[in-house]
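A note on names: the letters A, B, ... follow the listed sequences, proteins ahead of strands, and every chain is numbered from 1.
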Protein chains: 2
Amino acid sequence: MIRKLTNVYRAENAYNAYNKLLSSHGTLKLSTKKFSSLSNSNNRQNFFNSSLRPIHQYMRLNFSSRFASTNVDEFITRRKRRRRLIFFSTFVIIGTALLVELDYRTSESQAKEQEEKTIRLCTRKGGPKGLVIAEHFTDEKDYENTAKRPRLVILGSGWGAISLIKGLDKKKYHVTIISPQNYFLFTPLLPSATVGTLEARSLLEPVRSIIKGVDAHYVEAKATDVVFDEKLVEVTSGDDPNTSFYIPYDKLVIAVGSESITHGIEGIEHCHTLKSINDARLIRKKIMDNFEKATLPTTSPEERKRLLSFVVCGGGVEFAAEIYDFLTEDVVKYFPTVLRNEVQVSIIQSSDHILNTYDEKISDFAEKKFKRDHINVITNARVQKVESDHLVYKMKNEQDSKNLDYGLCLWSTGIAMNPLTKAISNKLPEQQNKRALVTDSRLRLKGIQDSSVYAIGDCSTIENPNLVQGLMKFFNDADLDKNGQLTYDEFAVLATKIARKYPLTANHLKRAHELFDRYDVDKSGTLELDELRFMLEEIDKKFTSLPATAQVANQQGKYLGKKLNQLVIAAETSILPSSRDYSEDSDSNCPDTDDKLAPFEYAHLGSMAYIGNAAVADFGMGWTWMGGLSAVYLWRSVYFSEQVSLRTRVLLAFDWTKRSLFGRDISKF
Amino acid sequence: MIRKLTNVYRAENAYNAYNKLLSSHGTLKLSTKKFSSLSNSNNRQNFFNSSLRPIHQYMRLNFSSRFASTNVDEFITRRKRRRRLIFFSTFVIIGTALLVELDYRTSESQAKEQEEKTIRLCTRKGGPKGLVIAEHFTDEKDYENTAKRPRLVILGSGWGAISLIKGLDKKKYHVTIISPQNYFLFTPLLPSATVGTLEARSLLEPVRSIIKGVDAHYVEAKATDVVFDEKLVEVTSGDDPNTSFYIPYDKLVIAVGSESITHGIEGIEHCHTLKSINDARLIRKKIMDNFEKATLPTTSPEERKRLLSFVVCGGGVEFAAEIYDFLTEDVVKYFPTVLRNEVQVSIIQSSDHILNTYDEKISDFAEKKFKRDHINVITNARVQKVESDHLVYKMKNEQDSKNLDYGLCLWSTGIAMNPLTKAISNKLPEQQNKRALVTDSRLRLKGIQDSSVYAIGDCSTIENPNLVQGLMKFFNDADLDKNGQLTYDEFAVLATKIARKYPLTANHLKRAHELFDRYDVDKSGTLELDELRFMLEEIDKKFTSLPATAQVANQQGKYLGKKLNQLVIAAETSILPSSRDYSEDSDSNCPDTDDKLAPFEYAHLGSMAYIGNAAVADFGMGWTWMGGLSAVYLWRSVYFSEQVSLRTRVLLAFDWTKRSLFGRDISKF
C-alpha cells in the first residue's frame with residue numbers, strides 16, 4: 001500500500017518537474033489527461049527513463065564541469081555548453097512530447113481495439129437457455145495468455161470468497177468474482193454499526209480494491225443457476241431476467257453465504273434481521289425513530305414503554321450489549337430522563353443459557369453482567385408468534401404463553417438457504433440437507449464427480465462421515481490377520497486412518513488407548529465387530545457440523561486457495577506439491593489430483609463476544625478470558641488484526657476514538 | 001467540551017476509586033446503575049464532597065503523623081489510629097450508600113412525578129380540530145419557571161434555524177424546535193457526499209446536541225399547518241394524521257426551507273435532486289451502480305456510453321466537478337480502462353455562462369478549466385423534456401431540439417414551496433408570491449399584524465419595496481418648502497431615509513450626488529416629481545431579492561436571534577436595547593418594540609465554488625480568487641471554520657485526509 005502511494009507520489013513529482021522543465025523552455029505542456037493515459041506503470045517508467053534520465057545526466061555533467069573550470073577564458077566554452085544544453089534539452093523535450101503523443105494514440109487505439117474485441121468475443125450464445133456466454137471481460141488486458149489459464153469462478157464476496165482470493169497465487173487462474181454486493185463486509189462487527197459505535201463504511205472493503213493484487217475480474221451480478229454439464233454459471237444483473245447471461249468456469253467455488261430464516265414462525269417478517277449493512281442501517285434508523293417517537297409529548301406511557309422495548313430473539317447478545325451501551329452512554333445525554341427508566345432490552349433464548357456454545361463460566365459471567373445491567377434474559381423460552389407490536393412466547397415448563405411488547409425485534413437465530421443454493425440442491429440428488437450444500441471433506445460439492453465445484457462458508461456443510469455405514473469395510477481392512485477381532489495395534493492404525501479421512505472426527509479418536517479400553521466391554525483385550533459398531537455409533541452421535549461462523553469460512557477459503565494453487569502446479573509440473581498422497585483417504589473410485597491432496601481440517605481458535613463494556617473469549621479446552629476493559633481491548637485488537645486492509649484498520653481506529661471523544665451520532669437517516 | 005470530558009473522566013475515576021475503597025473493606029458496592037442515577041452533576045459533586053473528602057483529609061492526617069512519629073512507642077497509637085480509620089471510613093461508606101440509595105429513590109420518584117405531570121398537562125384539547133395541545137414536553141425540568149417564559153417555536157433545523165438557536169440567550173424563551181429531520185445538514189458540502197469525498201455523517205450535527213446549550217426542546221415531527229388566530233402549530237409525526245397535535249407559540253419562526261422543483265417540465269421526476277442527505281446517498285449508489293453495470297461484459301457500447309453520461313441541469317457545477325474528480329482519481333484505479341474513455345460529464349445551463357452569478361473572470365476561468373477537463377458545458381440551452389434515458393433540449397438560437405442520453409441526471413435549478421409554506425401562503429391574502437413567503441424588512445411574515453411570526457431562509461423572501469408606490473408620500477415628506485421641487489439637500493435626506501427603510505435598496509442609493517445629477521434630466525438643479533418617479537422606477541427594476549443561499553439564511557438567523565433576545569430585554573426592562581429608534585422606517589401604523597429595532601441588512605461576504613482540484617471565490621466588488629491547490633485550501637478552510645461543532649470539524653478533516661490516503665470508497669450500498 002505504502003509502496004504504491006510512494007510510487008504515485010514519485011510519479012507525480014516527476015510529472016511536475018517535467019512540466020516545469022517544459023514550461024521554462026517555453027514549449028508545449030504535457031496535460032494531465034495525456035499523462036494519466038500513461039496509466040500502465042511500465043509505460044511511465046519507460047517514459048521517464050527515456051526522457052528524464054538523459055537530462056539528468058547531462059545536467060550533472062554540466063554542473064561538475066562548471067565548477068571544475070576556474071579559468072576566466074573558459075567562460076566562452078561555458079556559454080557554448082549552455083547553448084548546447086538548451087539545444088539538447090529542446091531536442092529531448094520535443095522527442096518525448098512526440099513519444100508521449102504517440103503513446104497516447106497507441107493506448108487510445110489499444111483501448112478501442114480491446115473494446116471491439118470484447119464486443120466480438122461476447123456474442124457467442126449457448127447453454128440450455130441460449131444466452132450470451134461472457135468469455136471475456138471489459139478489463140482483460142491480455143487475451144491470449146488469460147485464455148490459456150483455467151477459469152476459476154467464485155460466487156460471493158464474503159469471508160470464504162475473500163480469504164480464498166487473498167490466498168490465490170497471481171496469474172495461476174483466470175479469476176472471476178460474481179457477487180451482487182461489491183464489497184466485503186466485516187460481519188463480526190456488524191452489531192456495532194446498528195447504534196453508530198462504528199460507521200457502516202468502516203466495515204466495508206470494496207472487492208475491486210481487494211482483487212487488485214490478483215488480477216481478477218469482478219462482475220456485480222447475482223448468480224441464479226449453475227449448468228453443471230456445460231460448466232456455465234447463469235448470472236443476472238438487476239431484477240430484469242432479460243439481462244441474464246452465462247459465465248463459463250473450469251473450477252467453481254460457491255461461497256454465497258446464507259439467509260436469515262424468514263419463515264416457519266407466524267409474523268416473523270415483522271422482525272429485523274442483521275446480515276447485511278443495509279439491515280444495520282435500517283435498525284439504526286428504527287432505534288432513533290423509536291427514541292424520537294417516545295419523546296413526543298403526546299405519546300402515552302404505555303406506548304413509550306413499548307417503543308423502548310428492544311427484543312432479541314436468539315443469540316444476538318452483542319446487539320443487546322450495543323443497545324445497552326448506547327442507552328447508558330448517549331441517550332441519557334440527549335434524551336429526556338423519563339426515557340431512561342423505560343428502556344428495556346430483552347433476550348429470548350430457547351436453550352437454558354445465553355452464549356450456550358461457550359464455556360459455562362462465560363455464560364455465567366455474561367448472564368451476571370446482563371443482570372447487573374438490567375437486561376432481561378429469558379432463557380428456555382420459545383417464540384410462538386410475532387405480531388406487529390408484540391410477540392408471544394412460551395416457557396419450556398409452563399403451559400400458558402406470555403406476551404412481550406416490542407418496539408424493535410431482532411431475529412438472530414437460524415440460517416436458511418438462499419435461492420441459488422436451493423436451486424443447486426434441488427438439481428443434485430446427492431444433496432439432501434435442507435439447510436446447506438453438502439461437501440466432502442475436501443470441500444467438493446457432493447454430486448459433482450470431476451472436482452470442479454467447491455462450496456465453502458455458511459452456504460455449505462461438510463458431510464457427516466456416518467462411520468457406522470463403513471463399519472464392515474473398516475473392520476475388514478483393519479483386521480489384518482482376519483481373525484474377526486481387532487488387537488490394540490490394529491485398532492490404533494484404524495483410528496488414525498479414520499481421523500485422517502474425516503478430520504472432523506479426529507477429536508473423538510484422539511486417545512486411542514482410552515477408547516479401546518472403554519469399548520472393549522468384555523475386557524477380552526480385543527475389539528469385536530459389535531464393540532466397534534457401538535464405538536462408531538457413539539462417535540457419529542457426538543459429531544456436530546461446523547458452526548456457520550466467519551472463522552470457519554475464513555479457514556475454508558484459505559485451505560481452498562492453497563489447494564487451487566497446488567492443483568495448477570501439479571497440472572503444470574506433474575509433481576504433487578504435497579508431503580504425501582492422501583488419496584487413500586478419499587472415497588473416490590478414480591482419485592484425481594484433488595484426492596491426493598489433504599482434506600480440510602478446522603482448527604478452532606476460539607470465540608469472542610462483546611457484552612457491553614466487557615467482553616468474553618473462549619479459546620477452547622477450558623481456556624477463557626472475560627472481564628472489562630482489558631477483555632474489550634483484546635476483543636478489539638483481535639478484530640483489528642483480522643481486517644482485510646490498512647484502510648479499514650485506520651477507519652476502525654478512528655471510529656473507536658471518535659466514539660470515546662464525541663459519543664455516537666444520533667442523527668437519523 | 002473538553003471541560004465536560006474531564007469532568008466525566010474525573011467522576012469516573014472517583015467512582016472507580018470509591019468502588020475499590022468499598023470492595024477493599026468488604027462492604028457493599030455501588031452499582032453503575034445507581035451511580036448513573038446521580039445524573040445531576042451537582043448531586044455527584046455533593047456526593048463526593050460528603051463521602052470522599054473526609055476520607056481524604058483523614059488519610060492525609062494519618063499519613064503525615066505516621067512520618068512524624070519516629071518513636072517506637074507510638075506504634076500502638078498508630079494501630080489505634082488505623083482502627084479509627086477503618087471505623088470512620090466504614091461509617092462514611094455506609095452513610096453515603098444510604099444517601100445514594102435515598103437519592104436514587106428520590107430521583108426515581110421525581111421521574112415518576114414528572115411523567116405524571118407530563119401526562120396530566122398534555123390532555124388539554126383545543127384548536128379548530130380539537131387536537132391535544134402539547135404545552136409541556138417530556139424533558140421539561142422546571143414547569144413553573146418555564147411556563148412564565150414566552151414560547152418560541154422554530155420550524156426547521158437548517159441554516160436559519162440553527163444560527164438563530166446558536167444566537168439565542170439561554171433562559172430567555174421556552175424554545176421548541178420542530179423538524180422532521182433530527183440533524184443540521186451542512187448543505188454547501190453536499191456535492192462532496194455524492195461520490196464519497198466526504199462521508200454523509202460528517203456533514204450532520206444532531207439537533208439535540210446543538211440545543212444542549214440553550215435548554216430547548218426538540219420535537220421530531222412535521223409542521224403541517226399554523227392556526228394564526230389561536231397561535232397554534234399543527235404538527236404530525238409520521239404519516240398517520242391521527243397522531244397530529246398542536247404546539248402553542250408566542251413567537252413563531254418559519255425556517256422550513258424549500259423543495260426542489262418537481263413539476264413544470266415533462267418527466268422531471270426521472271431526475272435526481274440534491275437537497276437532503278438521502279438524495280446524496282441515492283446519487284452515490286446510482287453512480288456506483290452505473291459504473292458496475294457499464295463494466296458487465298454483456299453491456300453494449302451504446303448502453304455503456306449512456307450509463308456513463310452524467311448530466312447536470314442548472315447550476316450544479318460542484319457536482320460535475322466532484323464526478324470528474326472521482327473519475328480521474330478513483331475510477332481509473334479500479335475500473336477497466338475502456339470505461340475511462342466513455343465517461344462524459346455535461347452541464348446544461350440556460351444562461352450564457354456557468355457560475356453566472358459570479359464575476360465574469362470567474363466564469364471564464366471555470367469554463368476554461370472544465371473544457372480542459374473535457375466536461376461538456378452546454379450554455380444557452382433549455383431542457384424541454386426528460387425521458388427515462390435521455391433528455392431533450394433546445395439551444396436558444398436554434399430551431400431543432402437535441403437529444404442527450406444520460407445515465408444519471410441531476411436537476412439543480414429552481415426551488416419550490418413545500419406543503420407547509422404553500423398552506424400558509426394560501427391562508428393569508430397578503431401572500432401573493434408563488435415561490436416563497438413574503439416578509440417585511442424585519443423578517444416578519446406579511447399578513448400577521450402582531451409581530452408574532454417570522455420567516456427566514458430559503459422559504460422566505462423579503463418584500464420588494466416597490467418605491468414607486470410610495471412616490472407621493474416620499475416627495476411630499478421630502479419637499480420641506482413645498483415648492484414642488486427637491487433640492488439636492490432635500491433629496492439626500494430622502495435617499496438616506498429610503499435606504500434605512502429598505503436596506504436592500506441601499507446599494508442603489510449610495511452615491512446621492514451622482515444619482516441626483518443623472519436623473520435631473522432638465523439640469524434645473526432640482527428634482528421634479530416626474531424625475532423622481534423615473535429614478536424610483538429604475539431602482540425598482542434593479543432590485544433583486546436575496547438568493548436562496550446558506551449565507552443569507554445564516555445571517556437572517558443571526559439577526560433574528562439577536563432581535564429576539566432584545567425583545568425580551570425590552571419587555572422586561574422597558575428599555576430599548578438599540579442605539580436608536582427605527583420605528584420611523586416602519587410601515588406599521590402602531591409600531592411595537594420590533595418596529596423600533598433595526599431591519600435586516602444583508603452583507604454579502606462572497607461566494608465560493610469548488611470546480612475539481614481548483615476553486616473560485618468571488619468576494620464582490622471585483623475581488624476574486626481562483627486557482628488550484630491554494631484556492632481549494634481556502635475553500636476548505638472557509639467551510640471548515642463555518643462548521644457548527646468540533647465534532648464535524650474533526651470528521652471533515654479526517655475525511656479529507658482519508659481521501660488523500662486511500663481514495664474514495666467505491667462500495668455500493
Sort B:Lys333 into side chain, backbone, both or neither according to what part of it lies under 4.5 angstrom from a heavy atom of chain A. both
Option that, when pairs with chain B are counted at under 4.5 Å, heavy atom only, ranks first among A:Ala200, A:Gly196, A:Pro206: A:Pro206
How would you list, by chain and number, every residue that makes a salt bridge (charged side-chain N to carboxylate O under 4.0 Å, His left out) with A:Glu292, sequence neighbours excluded? B:Arg208
Atom pair CD1/CG of B:Ile666 and A:Leu204 - distance to nearest 0.5 Å: 11.5 Å
Partner chain B: residue of A:Val650, A:Val219, A:Asp289 with the largest heavy-atom pair count (under 4.5 Å): A:Val650
Under a 4.5 Å heavy-atom cut-off, does chain B meet the side chain of A:Glu205, its backbone, both or neither? backbone
Cut-off 4.5 Å, heavy atoms of chain A, and the answer for B:Lys668 is both
Contact leader toward chain B among A:Lys658, A:Arg647, A:Arg201, A:Glu220, where contacts are heavy-atom pairs under 4.5 Å: A:Arg201
Interatomic distance, B:Phe184 atom CZ to A:Ser667 atom OG [nearest 0.5 angstrom]: 11.5 Å
Can you measure from CZ (A:Phe662) to CG (B:Leu651) and round to the nearest 0.5 angstrom? 7.0 Å
Quick one: pull up OH in B:Tyr334 and CG in A:Asn182 and give me the separation to the nearest 0.5 Å. 11.5 Å
Can you tell me how far OG1 of B:Thr298 sits from CD1 of A:Ile133, rounded to the nearest 0.5 angstrom? 12.5 Å
